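Note: hydrogens, waters and symmetry copies are ignored here, and every other heavy atom, side chains too, is used. Throughout, protein chains are lettered first and strands after them, A, B, ... in sequence-line order, and every chain is numbered starting at 1. Small disclaimer: the values here were computed from a predicted structure and weren't measured.
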Protein chains: 2
Amino acid sequence: MAMSETLKAISDPARRQILNLLKTGPQSAGDIAAHFDLKAATVSYHLKLLKEAGLISERREKNFIYYDLNASVFEEVLSWLYSLGAGENNDDKK
Amino acid sequence: MAMSETLKAISDPARRQILNLLKTGPQSAGDIAAHFDLKAATVSYHLKLLKEAGLISERREKNFIYYDLNASVFEEVLSWLYSLGAGENNDDKK
DNA sequence: ATTCTAGTTAGAAAGTTTTCGAAATAGGAG
DNA sequence: CTCCTATTTCGAAAACTTTCTAACTAGAAT
């Protein structure tokens, strides 16, 4: 199940912050690391997980690696959340 | 952030299965445990986490405890996913 | 009041995840 | 070719999670 990987990927706050940062456009690994209180090795580990989950893609240019968000992978998660009833009018019966 | 708790709660496959089961209506802790290859204590632990995240509510009746799904908590997660661009037409530029 | 049943809590073992420092790699620049 | 810079990989420590068994609580039934 791809969803398990997707959800694991976004269950970590550091990885969510990385995704939030990539909303504004592709960034190099170094740029990303500079935004956080984490060592480059740690950020690299998170980027690897996000990449494996298909949530980001990488592009090499010069000796930088640029990472870019790929939100299409969230479709399966959205469907599941809707199947549980998320997104409905949650009016109280009152 | 409530989202962190919500995402942690649904990042575990056992807990997702419990939520899937509760789609069909409230169930007692024992009924839930019976559906899985886990000891009652383990299921109780998962139910506690889901309850703390606000994803389920409990109702006591006789000496049973019935658990019920509360999907409204997913709204925040949905908004965040949409803010990342999930749910858009992911047509290739081709 | 004792006993039975449904479920929870406590504490420990096993497994997984996150973080880091140090060493390794991959290219571009000199 | 050697050096430099950006980033990854390795290996270990620390922190967290999941699961279990055993002991406990709450209430219903006798």
**5' to 3' contact window, DNA chain C with chain B (heavy-atom distance under 4.0 Å)** = C:dT5 to C:dT9

**Message:** Whole angstroms only, please: what is the OH-C1' distance between A:Tyr67 and D:dT7?
**Reply:** 8 Å

**Prompt:** Within the structure, does a side-chain N or O atom of A:Ser28 lie under 4.0 Å from either OP1 or OP2 of D:dT7?
**Reply:** yes

**Complete:** Test side chain to side chain contact (heavy atoms under 4.5 Å, CB included), reference B:Gln27, set B:Ile18, B:Ile32, B:Ile65, B:Asp68, output is B:Ile32

**Asked** Which nucleotides of nucleotides 19-30 of chain D have their base under 4.0 Å from a protein heavy atom (B), which only their sugar-phosphate (S), and which neither (-), written as one string 5' to 3'?
**Response** BBB------SS-

Side chains of residues 34-43 of chain A: which donor-acceptor pairs under 3.5 Å do they make with residues two or more places apart or in other chains?
unit_1  : atom_1 : unit_2  : atom_2 : d
A:His35 : ND1    : A:Asp31 : O      : 2.9

**A:Gly54 versus A:Asn70, closest heavy-atom pair with distance** = O-ND2, 3.0 Å

**Message:** For a 4.5 angstrom cut-off between non-hydrogen side-chain atoms, does B:Leu19 reach B:Ile10?
**Reply:** yes

**Asked** When you check the side-chain N and O atoms of A:Arg16 and B:Ser4, is any donor under 3.5 Å from an acceptor?
**Response** yes

**Asked** Which pair of non-hydrogen atoms, one from B:Glu76 and one from B:Met3, has the smallest distance, and what is that distance?
**Response** OE1-N, 3.4 Å

**Request:** Round to a whole Å and report the spacing from CD of B:Glu5 to C1' of D:dC16.
**Result:** 15 Å

**Asked** Taking all non-hydrogen atoms of both residues, which atom of A:Leu22 and which atom of A:Tyr67 are closest, and how far apart?
**Response** CD2-O, 3.4 Å

**Prompt:** A:Gln27 has an atom CD; how far is it from atom C1' of D:dT7, in whole Å?
**Reply:** 16 Å

**Item:** A:Tyr66 OH to D:dT5 C1', straight-line distance once rounded to whole Å
**Value:** 13 Å

**Request:** Would you mind reading off the distance between B:Leu7 atom CG and D:dC16 atom P, rounded to a whole angstrom?
**Result:** 18 Å

**Prompt:** Touch check for A:Lys51, heavy atoms < 4.0 angstrom, all strands: base, sugar-phosphate only, or nothing?
**Reply:** nothing

**Asked** With under 30° as parallel and over 60° as perpendicular, where do the rings of B:Tyr82 and A:Tyr82 fit, or are they tilted in between?
**Response** tilted

